[in-house]
Amino acid sequence: MSETTIAVIDQPAGRAGTPAGGTPGLPAKTRASWRAARLLGSGVRRIVAIAAFLALWQIAPAVGWVDRAFLSPLSEVLDTWWGLAVGGDLWTNIWASLHRSLAGFAIAISIAVPLGLLIAWYRAVAGVLSPLLAIFLNTAAVALLPVFTLILGIGDTSKIAIIAYACFWPVLYNTISGARDVDPLLIKSARSLGLPHIKLFTKVIVPAALPTIFTGIRLAGAASMLVLITTEYVGAKAGLGYMIISAQFNFQIPEMYAGILTVSIIGVAFNYLLLFIESKVLRWRP
């Protein structure tokens with residue numbers, strides 16, 4: 001079945017000559033076949049670029065386009081990755097990184113969401129905190145790494161704190177934006193029904209702001225992995241960042257790329273986990 005046919009089938013009902021999924025005249029098996037073909041086509045398009053990239057990664061060093069001393073073939077990286085996984089070193093480093101990243105991520109959400117709602121809802125709080133928050137927002141988390149290290153030491157505490165700092169800002173500002181952008185007519189209607197102030201906040205403001213808040217949470221998830229790896233380059237004895245920088249210093253190039261590949265896989269998996277949670281929490285959204 002051609003993509004043109006699938007695209008025509010997928011158009012909304014009501015257009016001339018367009019058999020939508022809910023048209024009574026179409027057999028159920030036909031509709032299911034069209035839906036399966038459409039999903040298959042979408043899936044194929046999504047993996048083409050990834051497959052091409054992985055193929056180029058394998059071919060380029062193998063045929064000499066890139067010096068394999070600096071870019072190991074994918075097959076060699078995967079073989080090294082499997083050896084690290086079987087030996088247990090990979091899981092030790094993954095756990096060390098995950099507990100730092102998730103701890104900082106959770107701390108940031110627990111502080112940023114309530115504070116963002118307060119700033120959005122109470123103008124007095126916004127007036128006091130906004131200038132200070134604007135200063136810290138424009139200060140890169142990595143630039144403050146020496147400060148966190150001096151104050152909190154080189155252990156996990158400083159790493160968790162700087163991850164929390166980096167994750168805090170996207171959650172905070174998306175929470176503020178989501179709460180302030182709630183439809184005024186929705187608020188006015190709720191007030192006209194005599195909804196108490198607290199219930200107005202919990203039943204109207206927060207649910208309406210949740211989609212934007214989740215956008216900030218997903219941005220924070222990406223930031224948590226990015227800053228985590230940077231913090232583990234300094235003073236860490238375990239973790240994926242430590243694994244990558246140690247492999248580079250020792251010129252263990254396949255192990256270095258195995259660590260980088262692991263970080264990418266965890267980052268993508270974490271993003272999809274957050275999307276799944278969002279879909280369950282916001283199941284009322286069309």
Side-chain angles (χ1 to χ4, degrees), residues 47-105 140-150 152-167 220-273:
I47 66 172
V48 164
I50 297 176
F53 171 75
L54 295 178
L56 181 63
W57 185 355
Q58 174 65 30
I59 294 171
V63 301
W65 293 347
V66 182
D67 190 340
R68 65 186 300 150
F70 304 109
L71 179 64
S72 304
L74 178 60
S75 57
E76 189 175 337
V77 172
L78 293 177
D79 184 62
T80 301
W81 186 94
W82 180 252
L84 290 169
V86 172
D89 290 344
L90 181 66
W91 306 116
T92 301
N93 289 310
I94 287 176
W95 168 246
S97 291
L98 280 181
H99 100 265
R100 293 167 184 154
S101 178
L102 294 177
F105 180 72
V142 177
L144 294 176
L145 178 58
V147 178
F148 280 89
T149 303
L150 283 173
L152 301 174
I154 62 173
D156 283 357
T157 303
S158 62
K159 293 174 175 55
I160 292 171
I162 197 168
I163 291 169
Y165 177 88
C167 295
S224 70
M225 292 302 300
L226 176 65
V227 176
L228 166 72
I229 301 305
T230 305
T231 61
E232 289 181 341
Y233 284 167
V234 181
K237 295 182 179 179
L240 293 172
Y242 166 79
M243 172 181 165
I244 292 169
I245 200 69
S246 176
Q248 182 204 9
F249 285 152
N250 294 298
F251 212 70
Q252 297 171 322
I253 304 303
E255 184 173 328
M256 182 188 75
Y257 283 109
I260 295 171
L261 184 62
T262 304
V263 171
S264 299
I265 293 171
I266 291 175
V268 172
F270 191 35
N271 183 64
Y272 275 106
L273 174 62

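Residues satisfying the ring pair (Phe, Tyr, Trp, His ring centres under 6.0 Å) test with W82, not counting sequence neighbours, are none.
Residue pairs meeting the salt bridge (charged side-chain N to carboxylate O under 4.0 Å, His left out) criterion with at least one member in residues 260-271: none, sequence neighbours excluded. Counting only residues at least two apart or on different chains, no salt bridge (charged side-chain N to carboxylate O under 4.0 Å, His left out) pair has a member in residues 85-97. Listed by first then second residue, pairs satisfying salt bridge (charged side-chain N to carboxylate O under 4.0 Å, His left out) with a partner in residues 245-267 number zero, not counting sequence neighbours.
Using modelled atom types, one finds a donor on one side chain and an acceptor on the other under 3.5 Å when comparing S101 with S224.
Once rounded to the nearest 0.5 Å, the distance linking OG1 of T149 with CD1 of I162 reads 7.0 Å. The line from OH of Y257 to CD of Q248 is 9.5 Å long, rounded to the nearest 0.5 Å. Note: F70 CZ to F251 CZ = 5.0 Å, rounded to the nearest 0.5 Å.
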Identify each donor-acceptor pair in which a side-chain atom of residues 225-247 lies under 3.5 Å from a protein atom, sequence neighbours left out, and give them as a table.
{"unit_1": "T230", "atom_1": "OG1", "unit_2": "L226", "atom_2": "O", "d": "3.2"}
{"unit_1": "T231", "atom_1": "OG1", "unit_2": "V227", "atom_2": "O", "d": "3.4"}
{"unit_1": "T231", "atom_1": "OG1", "unit_2": "L228", "atom_2": "O", "d": "2.7"}
{"unit_1": "E232", "atom_1": "OE1", "unit_2": "S97", "atom_2": "OG", "d": "3.0"}
{"unit_1": "E232", "atom_1": "OE1", "unit_2": "L240", "atom_2": "N", "d": "3.1"}
{"unit_1": "E232", "atom_1": "OE1", "unit_2": "G241", "atom_2": "N", "d": "2.7"}
{"unit_1": "E232", "atom_1": "OE2", "unit_2": "S97", "atom_2": "OG", "d": "2.9"}
{"unit_1": "E232", "atom_1": "OE2", "unit_2": "R100", "atom_2": "NH1", "d": "2.6"}
{"unit_1": "S246", "atom_1": "OG", "unit_2": "N250", "atom_2": "ND2", "d": "3.4"}

Would you mind writing out the side-chain donor-acceptor pairs for residues 262-273 within the sub-3.5 Å range, not counting sequence neighbours?
{"unit_1": "T262", "atom_1": "OG1", "unit_2": "W81", "atom_2": "NE1", "d": "2.9"}
{"unit_1": "T262", "atom_1": "OG1", "unit_2": "A258", "atom_2": "O", "d": "2.7"}
{"unit_1": "S264", "atom_1": "OG", "unit_2": "I260", "atom_2": "O", "d": "3.2"}

Check: residues 57-69 side-chain donor-acceptor pairs under 3.5 Å, at least two apart:
{"unit_1": "W57", "atom_1": "NE1", "unit_2": "S72", "atom_2": "O", "d": "2.9"}
{"unit_1": "Q58", "atom_1": "OE1", "unit_2": "L74", "atom_2": "N", "d": "3.2"}
{"unit_1": "Q58", "atom_1": "OE1", "unit_2": "S75", "atom_2": "N", "d": "2.8"}
{"unit_1": "Q58", "atom_1": "OE1", "unit_2": "S75", "atom_2": "OG", "d": "3.2"}
{"unit_1": "Q58", "atom_1": "NE2", "unit_2": "S75", "atom_2": "OG", "d": "3.3"}
{"unit_1": "D67", "atom_1": "OD1", "unit_2": "A69", "atom_2": "N", "d": "2.9"}
{"unit_1": "R68", "atom_1": "NH2", "unit_2": "E76", "atom_2": "OE1", "d": "3.3"}

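Nearest heavy-atom pair across T80 and P254 is OG1-CB, 3.3 Å. Heavy atoms only, all atoms of each residue included: G104 and I163 are closest at CA-CG2, 4.0 Å.
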